[in-house]
Asks: 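My structure is below; once you've seen it, I'll send some questions.
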There are 2 protein chains.
Amino acid sequence: MGRAPSGRPTSFDIAYLAGVSQPTVSRALRGDRSVSAATRERIQRIAAELNYTVDKNASSLRSQRTHTIALLFFEDGTDENLINPFFLAMLGSITRACANRGLDLLISFQRMEDDWHTRYQDAKRADGLILLGYGDYALYAARISQLVAQGTHFARWGSIRSDRSGATVGSDNLGAGRLAGEHLLESGRRRIAFLGHADEHYPEFAHRYDGLCEALRAAGIEPDPALQFDALTNEDAGYRAASALLASGRSFDAIFAASDLIAIGAMRALAGASRRIPADVAVVGFDNIPSAGLTTPPLTTVQQDISGAGDRLVETVLAQIEGRDPPEPRLPSRLIVRGSSSAI
Amino acid sequence: MGRAPSGRPTSFDIAYLAGVSQPTVSRALRGDRSVSAATRERIQRIAAELNYTVDKNASSLRSQRTHTIALLFFEDGTDENLINPFFLAMLGSITRACANRGLDLLISFQRMEDDWHTRYQDAKRADGLILLGYGDYALYAARISQLVAQGTHFARWGSIRSDRSGATVGSDNLGAGRLAGEHLLESGRRRIAFLGHADEHYPEFAHRYDGLCEALRAAGIEPDPALQFDALTNEDAGYRAASALLASGRSFDAIFAASDLIAIGAMRALAGASRRIPADVAVVGFDNIPSAGLTTPPLTTVQQDISGAGDRLVETVLAQIEGRDPPEPRLPSRLIVRGSSSAI
DNA sequence: CGGAAGATTGCATACGTATGCTGGAAAGCC
DNA sequence: GGCTTTCCAGCATACGTATGCAATCTTCCG
């Protein structure tokens with residue numbers, strides 16, 4: 001019945017010591033009911049004594065299940081050394097969600113141009129993928145449909161309205177935009193500028209803008225397209241967008257920025273132009289990054305449900321793998337009111 | 001010569017199509033010189049056409065090398081949902097270092113109490129470990145020697161003077177503390193308080209304090225132990241430590257905080273007590289987290305060589321795995337001077 | 001032209017686990 | 001008591017790759 005122990009223990013060693021066959025060990029350790037309780041306990045005890053652990057490689061090879069998820073970040077070239085703080089928070093949440101389910105997490109940063117779409121699941125490294133990244137949506141839309149075509153299990157963080165194919169999980173950006181808009185309207189603002197791209201290349205931002213517009217219209221105000229300025233999600237872009245807004249000469253009494261980093265850049269520009277916040281201009285950001293509480297004045301912002309997001313993303317991937325129905329993909333957000341948007 | 005292709009391609013399928021044996025395919029794809037250039041190219045072409053990728057599980061099982069490193073974060077209970085920004089930056093750097101070397105990165109957050117010391121390398125999931133975490137050093141010193149005893153390959157981020165066993169990579173905390181001290185002395189400060197633990201439980205902080213003391217003595221000033229206040233690395237602790245300092249009634253004209261988070265908390269306390277920064281009190285932090293540039297006034301701080309750190313950590317683990325000599329473990333830091341510490 | 005060295009490739013097998021199938025024993029049923 | 005059913009465990013094998021060794025073919029040299 002098997003060979004004697006030697007070196008790092010294998011299931012054969014346990015089998016030898018327990019006086020059973022290797023398959024019985026395998027079954028016992030996975031809690032298979034077809035092993036009697038008595039032998040199961042004996043085997044588990046011996047395994048514990050020997051500090052035995054199942055070899056993941058052998059196990060994955062045989063069962064074709066890795067119990068691992070690969071998390072793929074990507075950013076389009078910019079910010080080589082800095083990671084978007086929002087994604088970092090997300091990373092924490094995803095890690096926890098995986099740990100809770102006994103999954104391992106592989107992590108990798110990708111440039112948009114890499115062939116990330118094939119590397120992990122094909123190499124049997126992971127059972128599924130989670131995709132995370134800002135950037136021009138059009139650039140990876142093609143990759144995504146390729147993933148769908150290949151039958152890759154994946155979930156992605158993004159805007160839900162824009163792609164029905166593939167499993168996308170995301171905040172209710174439309175509702176969140178409306179929330180921000182209503183808050184600014186309630187505090188008496190009427191001319192609300194939006195800093196952030198608002199086209200189909202950046203659907204998340206676009207939906208936030210749409211939500212703002214909805215709130216304005218509901219209050220009987222027709223949105224002014226001239227108050228929308230493009231900005232990608234970093235501080236410099238926010239500074240430039242706000243500078244352009246100031247230079248345009250148009251009057252405005254509030255700024256809704258598509259991200260906190262944009263908002264922070266904008267506040268710098270406003271300070272440079274001696275506009276007082278919130279007296280002259282109210283500012284609302286998006287994401288509630290740690291720095292948001294530290295600006296002067298502290299930044300009012302929209303907080304996404306990050307800890308829910310990790311859970312939802314992991315659950316969505318698992319649902320695909322196991323053929324279950326995916327969970328609700330849309331997550332609520334809430335407004336964090338701070339000093340940058342007090343009433344006039 | 002092997003069976004015909006079916007389903008996801010294997011090395012047998014490639015072999016069949018190329019009219020060679022499976023071992024030859026394996027050798028060709030790994031660039032083994034013992035395969036003639038002609039066949040190697042033919043095989044590579046066919047493999048590319050079929051979108052073939054080596055099955056990592058099978059490969060790892062056979063070769064006993066995973067080409068994967070496991071990154072283990074841990075924090076002692078506090079901050080369940082927030083991750084220390086410094087470690088996040090580190091994560092980015094480590095990820096990049098792994099990618100550059102073709103390594104995969106497994107990531108996992110651990111509580112100090114878990115049995116992380118056995119889970120990864122024993123299960124053959126990773127060739128080596130990187131350990132990252134603040135917390136009471138005494139708490140995991142035992143685990144670390146256990147790792148060493150087991151022959152686990154690992155590198156850890158920490159303070160170098162305090163443990164010779166195992167491979168520790170870290171900043172030159174002593175030198176960095178001296179740097180901060182000299183800067184404050186040059187700007188005319190004489191009574192410099194230190195906020196952060198300074199005992200053997202937190203060797204990194206202790207060495208920063210030691211560096212400060214060295215600088216003081218070199219300037220002919222005997223350090224006043226009453227100006228040192230314990231603080232763990234978060235904002236609240238900084239606030240409390242600074243409050244205690246203020247309440248002590250002792251005079252001081254500068255604060256050197258063991259981390260930026262502590263510094264930020266301290267600045268809040270100073271503002272509450274109407275002490276002007278830097279006119280009344282200069283403040284220097286440590287880490288240069290993103291928020292450091294956003295405080296009012298912007299925080300002078302010490303920047304560790306994070307991108308070098310990731311590289312060094314990965315290299316140290318690899319050196320152990322491959323039996324090479326480890327690289328120099330000590331990394332230099334530099335001072336980032338901002339508004340919080342201008343001359344009086 | 002014989003033999004040795006070198007270059008290529010194939011053969012056999014190992015890595016450690018999981019699982020379909022078979023077989024024997026115990027238990028339940030009429 | 002003979003039958004079916006249930007429970008438990010073993011046998012055989014597959015997962016896909018990497019590698020020591022033997023075998024073949026070239027080439028080269030005396």
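By convention in this document, chain letters (A, B, ...) are assigned in the order of the sequence lines, proteins followed by strands, and residues within each chain are numbered from 1.
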Asks: Which whole-number value in Å describes the distance from A:L61 CG to D:dT13 P?
Replies: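 After rounding, the reported distance stands at 18 Å.
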
Asks: Taking only the side-chain heavy atoms of B:S26 (C-beta and beyond), determine which of C:dA18, C:dT17, D:dA18 contains the nearest atom.
Replies: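 Among the listed nucleotides, the one closest to the side chain of B:S26 is D:dA18.
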
Asks: CZ of A:R8 versus P of C:dG16: gap in Å, rounded?
Replies: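 In whole Å, C:dG16 P and A:R8 CZ are 7 Å from each other.
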
Asks: Just N and O in the side chain of B:S59: are any of them under 4.0 Å from OP1 or OP2 of D:dA18?
Replies: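 Yes.
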
Asks: Which comes earlier along DNA chain C counting from the 5' end, the contact point of B:A37 or that of B:R62, where each point is its nearest nucleotide?
Replies: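 Of the two residues, B:A37 wins.
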
Asks: Counting just side-chain N and O atoms, does B:T24 come under 4.0 Å of either OP1 or OP2 of C:dG10?
Replies: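 Answer is yes, contact under 4.0 Å.
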
Asks: Could you check whether any side-chain heavy atom of A:T10 comes within less than 4.5 Å of a side-chain heavy atom of A:D55, counting everything from C-beta outward?
Replies: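 They are not in contact (no side-chain heavy atoms under 4.5 Å apart), so the answer is no.
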
Asks: Nearest 0.5 Å, what's the CG-OG1 distance between B:L91 and A:T95?
Replies: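 These two atoms lie 8.5 Å from each other.
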
Asks: Separation of A:R27 atom CZ from D:dG10 atom P, in whole Å?
Replies: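 Computing the A:R27:CZ to D:dG10:P distance gives 9 Å.
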
Asks: Please report, rounded to the nearest Å, how far the P atom of D:dA14 is from the CZ atom of A:R65.
Replies: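 A:R65 atom CZ is separated from D:dA14 atom P by 23 Å.
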
Asks: When the distance from CD1 of B:I14 to C1' of C:dT9 is rounded to whole Å, what number comes out?
Replies: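 So the CD1-C1' distance, B:I14 to C:dT9, works out to 18 Å.
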
Asks: State whether B:T39 places a side-chain N or O below 4.0 Å from either non-bridging phosphate oxygen (OP1 or OP2) of C:dT9.
Replies: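 Answer yes for this pair, as a side-chain N or O of B:T39 is under 4.0 Å from OP1 or OP2.
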
Asks: Whole Å only: how far is the CD atom of A:Q22 from the C1' atom of D:dG10?
Replies: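 Distance, rounded to whole Å: 11 Å.
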
Asks: CG of B:D13 versus P of D:dC15: gap in Å, rounded?
Replies: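 Checked: the CG to P distance equals 11 Å.
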
Asks: How long is the straight-line distance from CD1 of A:I69 back to SG of A:C98, given to the nearest 0.5 Å?
Replies: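 Going from SG on A:C98 over to CD1 on A:I69, the span is 4.5 Å.
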
Asks: Run the numbers on A:R125 and B:T68 for side chain to side chain donor-acceptor pair (under 3.5 Å), then give the verdict.
Replies: CA-CA 11 Å; A:R125 286 302 271 136; B:T68 299; 2.6 Å; yes

Asks: Between B:P23 and A:R30, who's closer to the 5' end of DNA chain C by nearest nucleotide?
Replies: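 Result of the comparison: B:P23.
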
Asks: I want to check one thing: is the phosphate of D:dT17, taken as OP1 and OP2, less than 4.0 Å away from some side-chain N or O of B:S60?
Replies: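 So the side-chain polar atoms of B:S60 never come under 4.0 Å of the phosphate oxygens OP1 or OP2 of D:dT17.
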
Asks: Report yes if a side-chain nitrogen or oxygen of B:S36 is closer than 4.0 Å to either non-bridging phosphate oxygen (OP1 or OP2) of C:dT9; otherwise report no.
Replies: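 Checking B:S36 against C:dT9: at least one side-chain N or O falls below 4.0 Å of OP1 or OP2.
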
Asks: Check the phosphate of C:dA18 against A:Q64, side-chain N and O only, distance under 4.0 Å to OP1 or OP2. Yes or no?
Replies: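 So the side chain of A:Q64 is outside the cut-off, no N or O lying under 4.0 Å from OP1 or OP2 of C:dA18.
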
Asks: According to a strict under-4.0 Å criterion, is B:S11 in side-chain N/O contact with OP1 or OP2 of D:dT17?
Replies: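 Affirmative; the distance criterion is met.
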
Asks: What's the separation between atom CZ in B:F87 and atom CG in B:L132, rounded to the nearest 0.5 Å?
Replies: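 If we round to the nearest 0.5 Å, B:F87:CZ and B:L132:CG are 5.0 Å apart.
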
